[in-house]
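What follows is one structure encoded as structure tokens, with my remarks underneath.
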Amino acid sequence: DVSLHFVLSGCLHVYQRMIDKQEAVCLFVTHPGEMVGQLAVLTGEPLIFTVKAVRDCTYLKISKSDFYEIMREQPSVVLSVAHTVAIRMSAFVRQMDFAIDWMAVEAGRALYRQDDQSDCTYIILNGRLRSVIRKANGKKELVGEYGRGDLIGVVEALTKQPRATTVHAVRDTELVKLPEGTLNNIKRRYPQVNDYH
């Protein structure tokens with residue numbers, strides 16, 4: 001049940017737990033006239049952070065359904081809200097957004113095949129993928145199934161090895177494709193990615 005919070009007085013602090021830290025870190029403070037919760041309302045995804053009032057705060061809470069009603073009446077409001085999300089994103093996140101490719105794979109189609117060259121990693125946004133390995137005797141064996149939020153092909157991309165399995169869509173699936181150069185950029189910025197495999 002995501003909603004938009006428009007601060008009238010006081011301020012709201014926005015925290016997020018970092019992978020390498022025990023305590024949540026304050027990402028930003030929302031002051032009077034500013035909003036928080038835009039990304040969750042626009043995408044329908046759950047909040048990825050915690051919002052706290054450190055001192056007294058008055059805010060207007062707009063439910064997702066009410067916000068969508070406002071959008072139907074005034075479609076231009078989406079651009080204003082999206083802009084407030086974009087200005088809070090780090091330069092690194094904006095750079096990654098330009099570098100990734102959004103793609104869809106229809107049910108039954110292969111994302112990639114065993115022994116293909118690996119030059120990217122995929123993140124599943126929604127849908128379902130199945131990984132199958134072809135044995136030397138010609139038989140196929142199910143290796144795994146993957147869903148929303150899972151990474152596919154990261155080990156081969158990091159080690160520059162050919163694809164170990166064939167991965168195909170069980171259902172229509174939407175993915176983000178991280179090209180090799182983008183993955184290398186992430187590794188330079190966040191060396192702990194190398195520990196993933």
Side-chain angles (χ1 to χ4, degrees), residues 1-21 23-55 57-105 120-127 148-152 154 157 173-193 196:
D1 186 28
V2 295
S3 56
L4 194 64
H5 297 75
F6 182 85
V7 178
L8 299 171
S9 67
C11 55
L12 292 172
H13 291 69
V14 178
Y15 294 88
Q16 188 174 42
R17 181 160 302 221
M18 302 297 171
I19 294 171
D20 54 349
K21 295 193 171 46
E23 294 192 18
V25 173
C26 183
L27 298 177
F28 58 88
V29 177
T30 307
H31 299 282
E34 297 178 336
M35 295 177 279
V36 68
Q38 309 93 303
L39 190 58
V41 168
L42 290 172
T43 64
E45 295 292 317
L47 285 175
I48 58 172
F49 46 75
T50 301
V51 180
K52 293 181 181 178
V54 176
R55 60 180 190 267
C57 177
T58 306
Y59 62 89
L60 175 65
K61 182 177 177 181
I62 304 170
S63 70
K64 181 179 171 184
S65 59
D66 287 342
F67 180 72
Y68 278 37
E69 193 61 39
I70 293 167
M71 282 182 359
R72 278 190 275 287
E73 294 292 322
Q74 292 290 325
S76 62
V77 78
V78 174
L79 295 175
S80 298
V81 171
H83 176 72
T84 65
V85 171
I87 60 174
R88 284 226 164 99
M89 286 184 182
S90 71
F92 180 74
V93 170
R94 286 195 301 273
Q95 181 184 12
M96 290 300 104
D97 184 46
F98 283 113
I100 61 177
D101 294 319
W102 303 84
M103 59 183 294
V105 179
C120 62
T121 299
Y122 300 92
I123 303 170
I124 302 174
L125 299 175
N126 62 58
R148 183 179 181 178
D150 286 335
L151 286 125
I152 306 292
V154 68
T173 302
E174 293 179 324
L175 307 116
V176 169
K177 179 181 176 183
L178 292 160
E180 184 179 8
T182 302
L183 191 58
N184 288 335
N185 193 7
I186 293 169
K187 283 171 29 181
R188 277 191 298 279
R189 177 86 182 245
Y190 299 100
Q192 61 266 36
V193 170
Y196 182 79

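For the single chain, residues carry numbers from 1 onward in sequence order.
With rounding to the nearest 0.5 angstrom, the CG atom of L8 is 6.5 Å from the OG1 atom of T58. The distance from the CD atom of E69 to the CG atom of D66 is 8.0 Å, given to the nearest 0.5 Å. A distance of 8.0 Å separates CG in L42 from CG in L4, rounded to the nearest 0.5 Å. The structure places CE of M71 at 9.0 Å from NZ of K64, a figure rounded to the nearest 0.5 Å. The CG atom of D150 lies 11.5 Å from the CG atom of L125; values are rounded to the nearest 0.5 Å. Atom CG of residue D101 and atom CG of residue L178 lie 9.0 Å apart, to the nearest 0.5 angstrom.
T173 places a side-chain heavy atom less than 4.5 Å from the side chain of I124. With a 4.5 Å cut-off on side-chain heavy atoms, L12 and V29 do not count as touching. Using a 4.5 Å cut-off on side-chain heavy atoms (C-beta onward), C11 and T30 make no contact. In this structure the side chain of L175 never reaches within 4.5 angstrom of the side chain of W102, judged on heavy atoms.
A search for side-chain hydrogen bond (donor to acceptor under 3.5 Å, both in side chains) contacts involving Q16 returns nothing, not counting sequence neighbours.
V154 approaches T121 most closely through the heavy-atom pair CA-OG1, 3.6 Å. The two residues Y15 and F49 come nearest to each other via the heavy atoms O-CB, 2.9 Å. The nearest pair of heavy atoms linking Y68 to V41 is OH-O, 3.2 Å. For P179 against C120, the heavy-atom pair with the smallest separation is CA-CB, 4.0 Å.
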Are M103 and Y122 close enough, and set up right, to give a side-chain contact (heavy atoms from CB on, under 4.5 Å), and what steps lead you there? CA-CA 10 Å; M103 59 183 294; Y122 300 92; 3.5 Å; yes
Start with the C-alpha gap between S3 and I62, add the side-chain angles, then the distance that decides, and say whether side-chain contact (heavy atoms from CB on, under 4.5 Å) holds. CA-CA 6 Å; S3 56; I62 304 170; 6.0 Å; no
Please list every donor-acceptor pair under 3.5 Å in which a side-chain atom of residues 32-39 meets a protein atom from a residue at least two apart or in another chain.
unit_1	atom_1	unit_2	atom_2	d
E34	OE1	H31	N	2.8
E34	OE1	R88	NH2	3.0
Q38	NE2	M35	O	3.3
Q38	NE2	T84	OG1	2.8

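Environment of CZ in R55: sparse, with no more than 12 heavy atoms of neighbouring residues, nucleotides or ligands closer than 6.0 Å.
Ring planes of Y59 and H5: tilted class, angle from 30 to 60°.
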